[in-house]
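Bear in mind the structure is a predicted one, so any value in this text is a computation, not a measurement.
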Amino acid sequence: FVFIARSANAQIDGLMVAGNLGADEGGQQRFNTGSNPLRGPSGTFGYYKQTYGADAPGLSLADPSVNHLVWGHDLEGAVVTVGTTTESDLHELHFKNGVSLVHYVLWAGEEGYQ
């Protein structure tokens with residue numbers, strides 16, 4: 001899934017994704033914060049969140065991994081909040097200043113692969 005937000009007046013001040021992953025608090029999550037953003041070309045910065053490795057109780061298959069990537073220009077130093085367990089898909093970013101363009105990509109990995 002791809003989402004692109006554009007504001008001619010640079011009024012995008014954040015992005016939030018929320019929901020219940022059904023991971024039953026299993027597996028792990030990894031993410032980065034405003035103090036360690038991904039650095040791309042031409043002044044772009046990015047933030048990711050991964051939830052992976054949640055086994056399905058009683059089955060040999062794991063839940064799919066859920067992965068987010070948010071990037072754009074001037075996103076350095078965003079305030080990042082994530083859910084406290086793997087059950088929550090919360091990934092919230094507040095940008096220091098309004099921006100004019102933000103990209104978001106969501107993808108799943110088979111059987112909980114990272």
Side-chain angles (χ1 to χ4, degrees):
F1 173 81
V2 176
F3 172 75
I4 300 171
R6 183 181 303 268
S7 168
N9 298 324
Q11 295 186 6
I12 303 168
D13 62 0
L15 179 79
M16 182 176 79
V17 176
N20 183 323
L21 292 176
D24 300 323
E25 300 186 20
Q28 300 175 37
Q29 63 180 358
R30 289 181 21 179
F31 59 93
N32 66 337
T33 63
S35 62
N36 65 340
L38 302 172
R39 296 177 185 275
S42 304
T44 57
F45 296 91
Y47 298 91
Y48 69 89
K49 179 183 176 201
Q50 301 174 302
T51 304
Y52 60 95
D55 293 329
L59 301 175
S60 61
L61 302 176
D63 293 341
S65 63
V66 178
N67 307 278
H68 305 178
L69 177 62
V70 178
W71 80 94
H73 289 277
D74 302 320
L75 302 187
E76 186 174 23
V79 175
V80 178
T81 304
V82 298
T84 57
T85 71
T86 58
E87 186 74 10
S88 172
D89 198 27
L90 179 65
H91 190 201
E92 184 174 11
L93 297 98
H94 290 278
F95 310 133
K96 290 192 310 186
N97 300 302
V99 297
S100 58
L101 183 64
V102 174
H103 300 84
Y104 168 76
V105 178
L106 164 71
W107 73 97
E110 185 177 358
E111 292 186 25
Y113 290 117
Q114 186 175 356

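- Taking every heavy atom of both residues into account, D74 and F45 meet most closely at N-CD1, 4.3 Å.
- Between the NE2 atom in H103 and the CZ atom in R6 there is a gap of 7.0 Å [rounded to 0.5 Å].
- Here the CG-CD1 distance, from N97 to I12, works out to 13.0 Å after rounding to the nearest 0.5 Å.
- For the pair Q29 (side chain) and V82 (backbone), a donor-acceptor distance under 3.5 Å is absent.
- The nearest pair of heavy atoms linking P64 to A108 is CB-CB, 4.3 Å.
- Between L75 and G72, the shortest heavy-atom distance links the atoms CD1-N, 3.3 Å.
- At least one side-chain heavy atom of R39 sits less than 4.5 Å from a side-chain heavy atom of E76.
- The main-chain N or O of G46 is found under 3.5 Å from a side-chain atom of N32 such that the two form a donor-acceptor pair.
- Residues N20 and E87 are in side-chain contact: their nearest non-hydrogen atoms beyond the backbone lie under 4.5 Å apart.
- Checking side-chain atoms of T86 against main-chain N and O of T51 turns up no donor-acceptor pair under 3.5 Å.
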CA sep, side-chain torsions, deciding dist, call: V79, K96, side chain to side chain contact (heavy atoms under 4.5 Å, CB included): CA-CA 8 Å; V79 175; K96 290 192 310 186; over 6 Å; no
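- Here the rule is side chain to side chain contact (heavy atoms under 4.5 Å, CB included) with H68, and of Y104, W107, F31, F1 only Y104 fits it.
- Connection of V99 to V105 is not established within any shared hydrophobic cluster, with ILVMFWY side chains joined at heavy-atom distances below 4.5 Å, either directly or through further cluster members.
- No donor-acceptor distance shorter than 3.5 angstrom exists from the side chain of S88 to the backbone of T85, with no hydrogens or angles considered.
- L21 contributes atom CG, which lies 4.0 Å from atom CG of D89 (distance to the nearest 0.5 angstrom).
- In this structure, L69 CG and H91 NE2 are separated by 9.0 Å, a value rounded to the nearest 0.5 Å.
- Across every non-hydrogen atom of S35 and P37, the tightest pair is C-CD, 3.6 Å.
- The hydrophobic clustering, which links ILVMFWY residues whose side-chain heavy atoms are closer than 4.5 Å, places Y48 and V70 apart.
- Under the 3.5 Å distance criterion, the side-chain polar atoms of H73 are matched with a main-chain donor or acceptor of S42.
- Using a 4.5 Å heavy-atom threshold, the side chains of W71 and L38 count as separate.
- Looking only at distances, no side-chain donor or acceptor of K49 sits under 3.5 Å from a matching main-chain atom of V66.
- Looking at Y47, its side chain does come within 3.5 Å of a backbone N or O of A78 through a donor-acceptor pair.
- Taking CE from M16 and CG from L90, the interatomic distance works out to 6.5 Å, rounded to the nearest 0.5 Å.
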